[in-house]
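All remarks here apply to the structure that follows.
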Amino acid sequence: MSETFTSVSQEEAGFRERERLSFDLDADICVIGAGLAGLSIALEAARLGASVAVLEGRHVGWNASGNQLGTVMPGFALPLADLIERIGFEDASELWTLSREGAEFVRANATEENMPGIGLTDGVLEVSNVDAGDRLISRLQMLNEDFDTEAEGWQVDRVREVLKTDRYFHGVYYPKAFQVDGRKYVHGLAALARRAGARIFEDTPVVSIDHSGIRKRIVTPSARLRASHIVLAGNIHLGAPLRRLSETLLPVWRYAGITASLGERVHEIIGFKGSVMDSDGVDHFRIVDGDRLMWESPETTWAARPQRFAGAVKRRIRSIFPRLGNVEVTDMFGGVTGQTVHGMPQIGQLRKGLWVASGFGRQGMNTSALAGQLIARSMLWGDERWKLFSPFELVWAGGATGRVAGQLVGLWGRASSAASGSLARYRERVRVKDREREARLAEANRAAGTGPRRQPPGERPRMAPPQPPAPEQAQPASQKTSQETSHVQGVSQ
C-alpha cells in the first residue's frame, strides 16, 4: 500500500480545535509531551485503567515525532556488541527482548482499522558501505541464535541485484521489521489514547513542577494539575523548569526530502520494497506513494530551515544512484532529536513518582514504544524492568561545546564513512582488474599452445624412453679404456 506525505487530514494539519487546559484538574498520571513516547505512555496507562492527562506546549507530534520515516525494528542506537560489553549478556538480552516488544506494540496499533491509510509494509535492509563479510557472519549468528531475532545475510551480488549501485556491499535483511507512515502514526496514536480515556491538552506549556509529596503539582499558564505520577516525555524542549534534564541531551536536527514522481525507472534501480539504511547511519531511504523516493541524510547540531538542505539531498541521491539522474526534491521536512552521550535512551524513575522517557535520538520508533509499555506498567503494576536502564545515567551533554564537538564528530564520521567506502570500492576494482588480467593471460597461453597440455581422455600416459647412463658414472674403468681405444682406431682408419 502506498503512503502519501503531502496530503494530511484536517486533524493533522491543525484544523481540529485544540483543547487547552483552562481549568484545574486531578489525574493519576500527568504526561508532559505529546510525542511518540508520551502518547505511548498515555495509551498504555489509559488501557490499564488510569486517568491520564497529557500536556503539550504546542501540538501533537509537532517536532521529530511527526517528522520521521516510520521504520520499526528491534535494537538501540548503541551497537549490540557494545551493549553486551557495557552491561553483560543477560541484561543485554533482556533489553533486546523489550525492544522487540516495543516493535510489536507499534505493529499491533498500526492497523488499517485503527489508523486508516497507515500503509504498513514489511522488510528492512541494512547495507554495508564496506566489504564486511566476516563481521556479517558473526553478527547474524548472534542475532539468530542468542537474541531470537530473524535476520538473513545477503551477499554483495544479491544486494546489488535490488539496489543498482556499487556503493553497497553485504547486507542484513530483517523480514519481520516494517515501516509505516510516520506522520499518520503519531496522530493515530493520539486518537487511540483519547479513545482509551486519556485527555490531551495542546498549547499548554508547563510553567513549574513541584514533585515533592504524594500528589505532585504542575502549573500551566491558565490552570493547575495534580497527579500521583509525572512523566517527563519531552525532548530538548522541556523548558525552563526542566532545563537540567534538557542539558543531558545533545540536540541533533535531521532532515529528509521527498522527490517528485520518478516513474518506473525508480523501480528498475531500487527494487527493494521496504526501508534501506546504511550501517554507518548516514543514509536512510525508501519508495513512497508509488514512485517517489523519500531520503533522509543531512544532520546538524543547529537549527535551520529544512528547504536549505534540498540540494544536499539531491546530491546525495545522485551520488548513490547516478542512473536516477538529477531528481527534483519537492518536499523537505525535519525535526530535532535529543541524543544521549552513552547512546541509550533515558527511561526510568528519577525519584518517587517522577519518571523520565527521553533521549530517543537515533533509537527508532520501537524504543519510544517500549518506554510507553515499561513506564505505564511500572507505575500501575510495579514492574521493575525499568531498572535495566539504570546503568545508563543522565550525563551532561556539554552545552554549546558539546554541540560543536557533536558537529565535528558527525562530519568526521561521514568523512570516515565516505573514505572507507571509496577504499573498499577501489580494492574491489583492483580485484576485478586482476581477475580480468589473469583470464586474458590464460586465454593467450591456450591460444599459443604454451599452457599446460591435458591428456586426452582414455589415453594412457606415455612413458619417457630410458636415458643412457653417463659414461663416467655407469662404466668400469677397464671397459672405458677399451672403448676409448676403439674410438681412436676408428678415427685413424
Side-chain angles (χ1 to χ4, degrees), residues 1 3 35-48 61 65 68-78 80 83 91-126 142-152 172-193 195-196 198 233 273-275 277 286 344-345 347 357 360 362-381 383-386 388-389:
M1 180 175 294
E3 54 182 294
L36 288 172
L39 293 172
S40 298
I41 295 167
L43 173 59
E44 186 72 4
R47 284 174 172 173
L48 295 178
S65 292
Q68 34 83 28
L69 270 63
T71 301
V72 187
M73 59 188 298
F76 302 94
L78 187 66
L80 186 52
L83 182 63
D91 286 352
S93 179
E94 287 196 52
L95 283 176
W96 192 269
T97 299
L98 287 175
S99 78
R100 290 206 319 270
E101 291 177 2
E104 290 308 310
F105 177 86
V106 178
R107 183 184 285 274
N109 291 319
T111 63
E112 287 297 321
E113 180 181 359
N114 290 335
M115 304 176 183
I118 193 64
L120 189 150
T121 57
D122 290 312
V124 173
L125 180 63
E126 182 182 346
M142 183 183 297
L143 288 172
N144 289 320
E145 299 173 10
D146 299 328
F147 290 87
D148 194 26
T149 299
E150 188 173 345
E152 180 182 319
V172 178
Y173 173 57
Y174 298 89
K176 292 187 177 179
F178 58 98
Q179 45 275 318
V180 296
D181 184 326
R183 294 181 181 180
K184 289 183 178 178
Y185 179 78
V186 67
H187 290 279
L189 201 60
L192 288 178
R195 199 178 307 164
K273 302 301 182 183
S275 297
M277 60 184 70
R286 62 190 172 104
M344 290 292 286
I347 299 174
F360 296 105
R362 290 187 172 178
Q363 299 294 340
M365 293 176 63
N366 67 299
T367 316
S368 57
L370 82 85
Q373 291 180 298
L374 198 59
I375 291 179
R377 294 173 184 179
S378 298
M379 291 186 294
L380 301 173
W381 288 356
D383 188 342
E384 295 190 339
R385 287 182 297 169
W386 63 267
L388 290 166
F389 290 92

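- Evaluation of the salt bridge (Lys or Arg N to Asp or Glu O under 4.0 Å) rule for Glu101 yields Arg385 as partners, not counting sequence neighbours.
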Can you check side chain to side chain donor-acceptor pair (under 3.5 Å) on Gln179 and Thr71, steps first, answer last?
CA-CA 4 Å; Gln179 45 275 318; Thr71 301; 4.7 Å; no
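- Using a 4.5 Å cut-off on side-chain heavy atoms (C-beta onward), Phe147 and Thr97 make no contact.
- For the atom pair CG of Asn114 and CZ of Arg195, the computed distance is 6.0 Å after rounding to the nearest 0.5 Å.
- Note: Met73 CE to Met277 CE = 5.5 Å, rounded to the nearest 0.5 Å.
- Between Phe360 and Ala37, the shortest heavy-atom distance links the atoms CE1-CB, 3.5 Å.
- If you take CE on Met365 and OH on Tyr185, they are separated by 5.5 Å, rounding to the nearest 0.5 Å.
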Which is it for Ile347 and Ile375 under the side chain to side chain contact (heavy atoms under 4.5 Å, CB included) test, yes or no, and what are the steps along the way?
CA-CA 8 Å; Ile347 299 174; Ile375 291 179; 4.1 Å; yes
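- Here the OG atom belonging to Ser40 is positioned 12.0 Å from the CG atom belonging to Leu374, to the nearest 0.5 angstrom.
- Partners of Asp122 according to the salt bridge (Lys or Arg N to Asp or Glu O under 4.0 Å) rule, which considers only residues two or more places apart in sequence or in another chain, are Arg107.
- Within the structure, side chain to side chain donor-acceptor pair (under 3.5 Å) pairs that include any residue of residues 363-377 comprise Glu44-Arg377 (at least two apart or interchain).
- Residues Leu36 and Gln68 have side chains in contact (heavy-atom distance under 4.5 Å, counting atoms from C-beta outward).
- Here the options are Val124, Leu120, Thr121, the test is side chain to side chain contact (heavy atoms under 4.5 Å, CB included), and the partner is Phe178; only Leu120 passes.
- In this structure the side chain of Leu83 reaches within 4.5 angstrom of the side chain of Leu95, judged on heavy atoms.
- Distance check: Asn109 CG to Leu43 CG gives 5.5 Å after rounding to the nearest 0.5 Å.
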